[in-house]
Amino acid sequence: MIKIISLLRRNPALTPEQFRTYWRETHVPLVRSLLPGLRHYEGCFPVDGALDGYDADAIVELAFDDRETMEREMNSPAFLCEERVRSSAYLLDLNSVRNILVETEDALKL
């Protein structure tokens with residue numbers, strides 16, 4: 001599997017609660033509908049200073065079977081549509097997003 005791990009900061013106009021609610025109720029369903037090859041989509045929300053030294057409101061993971069699928073879908077007109085772009089801009093401080101591309105190995109299957 002290929003995975004994008006994103007460190008996200010919320011739009012400063014949103015409270016942490018508004019950020020998480022919008023992500024869960026609006027952004028996730030939209031992204032899922034636009035990426036049919038998505039195999040894993042998870043949001044991780046730090047608790048009680050868990051990210052001391054890092055400035056992030058969430059860590060989000062999106063996984064695909066392979067890099068070709070990921071690149072095709074994330075560069076598709078469907079995913080790049082105005083609705084998804086607006087949703088991301090409403091939700092995030094886009095200038096601070098940090099993405100890490102990784103290959104995964106399930107250690108429980110080794």
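All of these numbers come straight from a predicted model, not from anything done at the bench.
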Novice: Would you mind telling me which of L91, V31, D57 makes a side-chain contact (heavy atoms from CB on, under 4.5 Å) with W23?
Specialist: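 Only one of L91, V31, D57 forms a side-chain contact (heavy atoms from CB on, under 4.5 Å) with W23, namely L91.
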Novice: Evaluate I4 against E61 for side-chain contact (heavy atoms from CB on, under 4.5 Å), listing each step before the verdict.
Specialist: CA-CA 6 Å; I4 301 167; E61 300 179 358; over 6 Å; no
Novice: Between I59 and I5, does a side-chain contact (heavy atoms from CB on, under 4.5 Å) hold up when you go through it step by step?
Specialist: CA-CA 7 Å; I59 300 166; I5 300 172; 3.7 Å; yes
Novice: Taking atom types as modelled and ignoring hydrogens, do the side chains of R84 and S88 form a donor-acceptor contact shorter than 3.5 angstrom?
Specialist: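 Yes, side-chain donor-acceptor contact under 3.5 Å.
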Novice: Before accepting this row, confirm whether a basic side-chain N of the pair D65/R39 lies closer than 4.0 Å to the acidic partner's carboxylate O.
Specialist: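 Yes, D65 and R39 are salt-bridged.
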Novice: Once rounded to the nearest 0.5 Å, what's the spacing between atom CZ of R9 and atom CG of L92?
Specialist: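 Spacing of CZ (R9) from CG (L92) equals 11.5 Å.
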Novice: Return yes if some donor-acceptor pair links the side-chain N/O of S96 with the main-chain N/O of D93 below 3.5 Å, else return no.
Specialist: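 It does hold such a pair.
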Novice: How close do A63 and M1 get, counting heavy atoms only, and between which atoms?
Specialist: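 So the minimum-distance heavy-atom pair works out to CB-SD, 3.8 Å.
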Novice: So, E103 side chain and I2 main chain: donor-acceptor pair closer than 3.5 Å or not?
Specialist: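 Side chain of E103 to backbone of I2, a donor-acceptor pair under 3.5 Å: no, none is there.
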Novice: Just by distance, no angles: are the side chains of S87 and Y22 close enough, under 3.5 Å, to form a donor-acceptor pair?
Specialist: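 There is such a pair (donor and acceptor under 3.5 Å, judged by atom type) between the side chains of S87 and Y22.
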Novice: Test salt bridge (Lys or Arg N to Asp or Glu O under 4.0 Å) on E71 and R67 and set out the steps.
Specialist: CA-CA 6 Å; E71 289 175 353; R67 190 172 187 158; 2.9 Å; yes
Novice: For V97 versus N99, what's the shortest heavy-atom pair and its separation?
Specialist: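 Minimum heavy-atom separation between V97 and N99: CG1-OD1, 3.8 Å.
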Novice: Let me confirm one number: the CG-CZ distance from N11 to F19, rounded to the nearest 0.5 Å.
Specialist: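 So the CG of N11 and the CZ of F19 are separated by 9.5 Å.
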Novice: Report yes if the side chains of M70 and L101 come closer than 4.5 Å at any heavy-atom pair, otherwise no.
Specialist: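 Sidechains of L101 and M70: in contact.
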Novice: Atom OG1 of T15 and atom CZ of R10: how far apart are they, to the nearest 0.5 Å?
Specialist: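 Answer for the OG1-CZ pair, T15 versus R10, is 7.0 Å.
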Novice: How many angstroms lie between atom CG of L62 and atom CG of L38, to the nearest 0.5 angstrom?
Specialist: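 Rounded to the nearest 0.5 Å, the CG-CG separation comes to 5.0 Å.
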Novice: Do you know the tightest heavy-atom contact between T104 and K3?
Specialist: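 The pair with the smallest heavy-atom distance is CG2-CE, 3.7 Å.
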Novice: State the CZ-CG distance between R32 and L34, to the nearest 0.5 angstrom.
Specialist: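 Answer for the CZ-CG pair, R32 versus L34, is 12.0 Å.
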Novice: Any chance you could measure L14, atom CG, to R20, atom CZ, to the nearest 0.5 Å?
Specialist: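 It comes to 14.5 Å.
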Novice: Would V28 and L8 show up in the same hydrophobic cluster when neighbours are defined by side-chain heavy atoms closer than 4.5 Å?
Specialist: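 The answer is yes; both residues are in one hydrophobic cluster.
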Novice: Do the charged groups of E82 and R86 touch, with an N to O distance under 4.0 Å?
Specialist: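 Yes.
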